Each structure stands twice: as structure tokens, then as C-alpha cells.
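Presented below is the structure to which this report refers.
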Amino acid sequence: MAKEAAAAKAASNEYVTLTDHSTGESYDMPLMPGSVGPKVIDVRPLYSQTGHFTYDPGFTSTGACESKLTYIDGEAGILMHRGYSIEDLAEHSDFMEVCYLLLEGELPTAAEKAEFEDTITHHTMIHEQLQYLYRGFRRDAHPMAIMVGVVGALSAFYHDSTDIADPVQRMIASHRLVAKMPTIAAMAYKFSTGQPFIYPRNDLKYAENFLYMMFAVPCEEYKVDPILARAMDRIFILHADHEQNASTSTVRTAGSSGANPFACIAAGISSLWGPAHGGANEAVLAMLNEIGSPDRVAECVERAKDKDDPFRLMGFGHRVYKNYDPRAKVLQSSAYEVLNSLGVHDDPLLKIAMELERIALEDDYFVERKLFPNVDFYSGIILKAMGFPTSMFTVLFALARTVGWIAQWKEMIEDPSQKITRPRQLYTGPTSREYVPVDKRG
Ligand code: CMC
């Protein structure tokens, strides 16, 4: 039995027994408890003892790591970061504090918070030469394509924070990534519009600064609306981390080989881009526009239920939540706040979204499968009202998730049981066959 598994078994003193009925042999697999949530069966000794692998495409039943960062109870609709509920953080905290919490493990004292904000503020500029990288893209490039390229390229500019074995460099890279993402994201937008890049300002808070870099132009004064800055900050909090989702697992997998943090985050951005993951916020808005009016909602729900139609209700369903996504609840109330403050009292898209939610939540198909609105369902409506083009929605998700990715990456590097990620497979291809020269192939 592997050393760690033996230790786990001894520690928990609980195990499950697997029986191979073809041989009559039984094997004890240790059960490992977490601080809360389901125990895991430690299958590390499985192959050496039985000669078999487990099979779990999509990792529906697999715990791939140990983590102290984020806990989700999908049945109850609970999300906590380091023990603090997402509702409390969204209401009482701010994004900088949540970043500190994820990176350092505790909420900061006032002095620690001030120091952390100062550090982040003083890392917001990017190397001037990176401008030329932007200028190499087509103007109509998707900003996510630019993000993947520019964030990956940071590793070519910040050599002094790529030694993953050095904890100081790991922390500097983490601060740099959190600090520079708003600048990089805003520059991707500015490039697409043809407007000049706007440099960060040290007198502005994180979310304010981002809105400023997005929407200011050099020829006139731009005042950031405090209600929008607060809504932006809350959106960042709600997207900060989410356990071992596809992009986070991608970051961990990339990092498990020893790749530098900038390359790992670029890999995470690529994974986030897909419509089943972070790309869903963009897809929700496209769907609401396509539906066009509340009286066409029922027809669209019918399409989503039709197995011969690839159409799915974007912003609905989640691998882990089998209840209302708690982030969607916070965003729903934020949507009203933002629209009211902007004087939008009759947003047609919000009307369609509410009708869609109402019909879907009453429909047997969605009820039986426990398909509820997820975080992406309302975020697009708020972001659109704030003036963001849909192509920037997933970029904002990436910006906010960077702290989660990097905190997970750091946790992995600092975990002594960390190994390169190397899953196995069930091979179903041809068995051994003889090579036939090309002139003899029929
Ligand atoms: N519309 C219609 N049917 C759905 C939907 C949906 N949005 N989501 C799941 N289903 C059905 C699915 O067809 C399946 O039905 P059946 O059991 O009859 O075959 C059942 O519900 C279970 O779905 P699944 O695809 O096996 O579940 P999954 O855990 O593999 O996928 C998901 C989860 C989020 C990819 C999926 O629900 C989905 O595609 N949703 C729409 C895209 C979306 O909103 N993604 C954002 C997720 S939250 C933020 C993030 O992760 O970035």
C-alpha cells in the first residue's frame, strides 16, 4: 500500500472494502474525511493492489486534490471561501479583502489590508513593450484570444517571478497577476475600439480603476460612478474562486508539471473561454437577444428540452449545484440595483430573463434534473447595462477568477503530496497489429 494511503487509513480508521467477484479477493480502501462535506475513498493503492484503474470521465466522482480554499455544498446551494459564506463576503467585504483571504488564508487586519492594497496598486502597470503585442492582433480579435496571448507572454517579461520553487517569487507572481489583469483586460477592450490605452491610476480602488481604464478617454475627465464600482467589485467577489472547476483544474494540471504561473493562468483562461464554462455569460446574452420577447420564452424552453436539438438554456444547470447557485441570487438583486441606478426601469432583456427563469423553474424537465440559474444567468444583464460589450463578459470572469486560480496554484505547489497530473485511460483502440508497407495496403 502506498505510504500516504496507509497513513490516511491509520488516521481515519475507516475504509470501504472492494470485492473483485471474479477472483473473490477483497481490498480495503481508506476513507479520508474533510472538515465538512463527503469523505473521499483514497484509491491511490488501487492499481498496485488490484491492477485496475478507476474510470470517471469528466471527474464526476473524483476528488483530484486536497484544498482549504473553497467549499461548495451543491445540494444546499452553499459556497464558502475559507469558511466565510459568499453572501457575507458579497455584502460586507470587498474584492481586495477576498483576494487576501484566498491568498493568505485569513481576512486581513486593517494594516494588512492597507499594505496588500498598496502592493496591488503598485503592480498595476504592465511592461510598456507589451503594447506592441496588442498591436499585432487584428482589431476584431476576440478579447479572450488577446488575454490568452498577453497573460502567457507575461512570463517573457517578469523573469524574476517565474521560479516556482521560491515562495517569495510565487507571491510576487500572484500579486502581479491580480494587479495586472484589469490593465490587460481594459487594454484588450481599448484595442478593439481603436481608442488609446488608458494607464492605471494609483488613487483609485481596484474596481474603480478597472472601470476608469475601460471607459475613460484622455481628452476628458471621467468620474467613476460609485454604485457601478461597488457592483463591479461585487461581481469580482462572486467570481473569485469556485473549487475544482474546469479552468482551475486546468491551472493545477498545467502547474503540476512545474510550468511558470503566467503560463498556467493563460491555460486557465483558455479553459474558461468555452460556453459550458465562463463563456456562458456571453452565450446567455446572445440567447436572450435571440429569444427577443417574453412571449417566445416557452418555445425556447421546449427547444432546450428536445434531445434532438443541441440548444441548451445557457445560464442554467451546474455540475455541482443542484439548487439555486448562491452567486446567481446575489446577482439577481444586484441587477435591479444597477438598472435602477442607471435609470433603466424596463430592461427588455431582464424581462425575458425573469420569464425564462419562471417557466423553467416550474417545468418538470428542469425540476427533475435540478437545473437552476447559475452565476452566468444574471451577470450578463448587469454587465451590458454597465456598458460592457458581450465579448468582454468572459474576460471579466477571467479577471476575477485569476486570484482563485493563483491561490489554487500556490496551494498545489506548497502541497508535499503534489505530483504531476497524469490520468490513465480505458484503451479501446486496435490491439497489436503488423505494419503494412504503403504499396501493400488495399
Ligand atoms: N439546458 C437544457 N438541458 C440541460 C441543461 C441546460 N442548460 N443543462 C443540463 N441539462 C440536462 C442535460 O441534457 C442532461 O439531461 P439528461 O439527464 O436527460 O441527459 C442533464 O440535464 C444533466 O446535464 P449534464 O450535461 O450531464 O450535466 P453536466 O454536469 O455535465 O453539465 C453544465 C453542467 C453547466 C455544463 C450544463 O448544465 C450546461 O451546459 N449548462 C449551460 C451552460 C452554462 O450555463 N454554463 C455555466 C456553468 S456555471 C459557471 C461556470 O462554470 O463557468
Side-chain angles (χ1 to χ4, degrees), residues 124-154 157 177 179-229 231-233 235-236 239 266 269-270 272-273 275 278-286 288-289 338-339 341-344 347 349 376 379-402:
T124 49
M125 288 201 299
I126 61 169
H127 196 291
E128 193 67 4
Q129 218 175 313
L130 274 164
Q131 283 202 22
Y132 300 108
L133 195 60
Y134 282 86
R135 297 187 198 286
F137 284 97
R138 283 170 52 136
R139 287 273 173 203
D140 61 355
H142 195 288
M144 282 297 277
I146 299 181
M147 296 299 286
V148 172
V150 175
V151 173
L154 294 179
F157 287 84
L177 276 156
K180 293 182 197 308
M181 284 302 271
T183 315
I184 295 169
M187 285 175 76
Y189 171 65
K190 286 297 192 195
F191 181 73
S192 73
T193 61
Q195 288 181 3
F197 295 135
I198 298 289
Y199 289 104
R201 262 177 46 191
N202 286 359
D203 60 326
L204 297 178
K205 298 278 187 195
Y206 192 84
E208 276 181 307
N209 202 18
F210 174 58
L211 291 175
Y212 166 75
M213 289 188 285
M214 277 288 302
F215 299 118
V217 285
C219 43
E220 62 189 33
E221 200 192 341
Y222 176 81
K223 279 227 178 325
V224 183
D225 178 335
I227 296 182
L228 299 192
M232 189 78 265
D233 195 74
I235 288 176
F236 290 162
H239 289 83
I269 297 171
S270 309
L272 186 77
W273 195 355
N281 53 14
E282 190 177 335
V284 168
L285 220 74
L288 295 177
N289 276 318
V338 168
L339 293 174
S341 91
L342 292 170
V344 183
D347 184 62
L349 290 184
D376 294 316
S379 62
I381 292 171
I382 308 181
L383 295 175
K384 178 177 172 280
M386 288 170 81
F388 289 98
T390 45
S391 61
M392 282 297 287
F393 292 2
T394 314
V395 171
L396 298 192
F397 195 153
L399 187 173
R401 182 56 57 83
T402 293

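By convention here, the first residue in the shown sequence is residue 1. Bear in mind the structure is a predicted one, so any value in this text is a computation, not a measurement.
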Over 12 non-hydrogen atoms of neighbours within 6.0 angstrom of NZ in Lys190:
yes
Going by the side chain to side chain contact (heavy atoms under 4.5 Å, CB included) test, name the single residue among Leu130, Ile126, Val150 that passes it with Phe157.
Leu130
Out of curiosity, [X] [atom1] to [Y] [atom2], how far, rounded to the nearest 0.5 Å?
X      : Y      : atom1 : atom2 : result
Lys180 : Met187 : NZ    : CE    : 11.5 Å
Met392 : Asn281 : CE    : CG    : 11.0 Å
Ile269 : Met144 : CD1   : CE    : 6.5 Å
Thr390 : Asn289 : OG1   : CG    : 8.0 Å
Ser341 : Met386 : OG    : CE    : 8.5 Å

What heavy-atom pair brings [X] and [Y] nearest, and what distance separates the two atoms?
X      : Y      : answer
Pro143 : Ala188 : CB-CB, 4.1 Å
Lys205 : Glu208 : N-OE1, 2.8 Å
Leu399 : Ala185 : CD1-CB, 4.2 Å
Pro200 : Met125 : CG-CG, 3.8 Å
Leu211 : Tyr222 : O-CE2, 4.0 Å

Over-ring placement of Arg139 relative to Phe191, 6.0 Å and 45° cut-offs:
yes
Arg138: which residues meet the side-chain hydrogen bond (donor to acceptor under 3.5 Å, both in side chains) condition with it, sequence neighbours left out?
Asp140
Side-chain touch Met232/Ile382, heavy atoms, less than 4.5 angstrom:
no
Run through Phe215, Phe393, Phe397 and flag the one making a ring-ring contact (aromatic ring centres under 6.0 Å, His included) with Phe388.
Phe215
Below 30° counts as parallel, above 60° as perpendicular, anything between as tilted: where do the rings of Trp273 and His142 land?
tilted
